[in-house]
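Right, one structure below, let's go through it.
Note that the structure is predicted; figures quoted are calculated from it, not measured.
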Amino acid sequence: MKEYPSLAAVCHQVVTNAPSGLDAATIAELLGKKYATMMSETSRQPGHKLGADMILPIMDICDSDLPLTILARQRGGVYIPLPKAAEDPAPLMKQLAASVKEFGEFAAETAKDISDGDIPKDQLDRIIKEGHEAVEAILGMITLARKTHEEQYK
C-alpha cells in the first residue's frame, strides 16, 4: 500500500506553531478539548486518534491551510486560497515576486536533481514539492490579478 503523510501529524505541527499566534493550550480550549487529549490525538499517541471532524476547526482556529495543501498535493492537485482584491499594486508585486522566486527554486532544485539522470525517492519528493509551490504561487498571482481587475471594473 502507498505510504501517506499523517494528517494528525500535520495538525500537530499546526497547533504547535499556529499562524494565528495562539498557543496550544488556548487552541485546545477553543476546540472544547483538554490540552493533554488534543496533544495526544495530534501526536498519534497509542490509544488516541484525531477525528477527521476536528481538522477544519483546527485549521480555522490556527488560521492554517497546511492540511488542505497536503491533501491537494497527495491527490495531484494544488490548494490556492483566494486572495482579496488588491487596492494598491504592492500586493500584486509581492505575489509576482513570490511566484518568480518559487519558480526559480523549482528550476534550480530540479536541475540539480536530474543532472545525473537518476531520480531517487527523496529527489522526486523534492521536485514534486518545489513544483507544487511554484504552481501555487503562479496561480495565486493569476487569482489576485483577476480579483483586483474585477474590483476595479465592477
ask   = Are the side chains of D23 and I27 in touch, meaning some heavy atoms are under 4.5 Å apart?
value = no
task = State whether D125 and K121 are salt-bridged, where the test is any N-O pair (Lys NZ or Arg NE/NH1/NH2 against Asp/Glu carboxylate O) under 4.0 Å.
result = yes
request  = Measure the shortest side-chain to side-chain distance between Y79 and L71 over non-hydrogen atoms and say whether it is less than 4.5 angstrom.
outcome  = no
task = Determine whether I128 and V78 fall in the same hydrophobic cluster, where Ile, Leu, Val, Met, Phe, Trp and Tyr are linked whenever their side-chain heavy atoms lie under 4.5 Å apart.
result = no
task = Would you mind reporting whether E133 and K129 have side-chain heavy atoms less than 4.5 Å apart?
result = yes
Cluster check V135, I127: I/L/V/M/F/W/Y, side chain < 4.5 angstrom = no
request  = Indicate yes or no: does K34 engage E41 in a salt bridge with an N to O separation below 4.0 Å.
outcome  = no
M93-M141 co-clustered via ILVMFWY side chain contacts under 4.5 Å = no
ask   = Taking C-beta and beyond as the side chain, do V15 and M39 meet within less than 4.5 Å on heavy atoms?
value = yes
request  = Determine whether more than 12 heavy atoms belonging to other residues, nucleotides or ligands lie under 6.0 Å from atom CG of D118.
outcome  = yes
Output side-chain donor-acceptor pairs under 3.5 Å for residues 97-111, partner residues at least two apart or in another chain, one line each.
residue	atom	partner	partner atom	Å
S99	OG	L96	O	2.8
K101	NZ	E105	OE2	2.8
E109	OE1	R126	NE	3.1
T110	OG1	F106	O	2.8

request  = Considering only NZ, NE, NH1 and NH2 on the basic side and carboxylate oxygens on the acidic side, decide whether E151 and K147 come within less than 4.0 Å.
outcome  = no
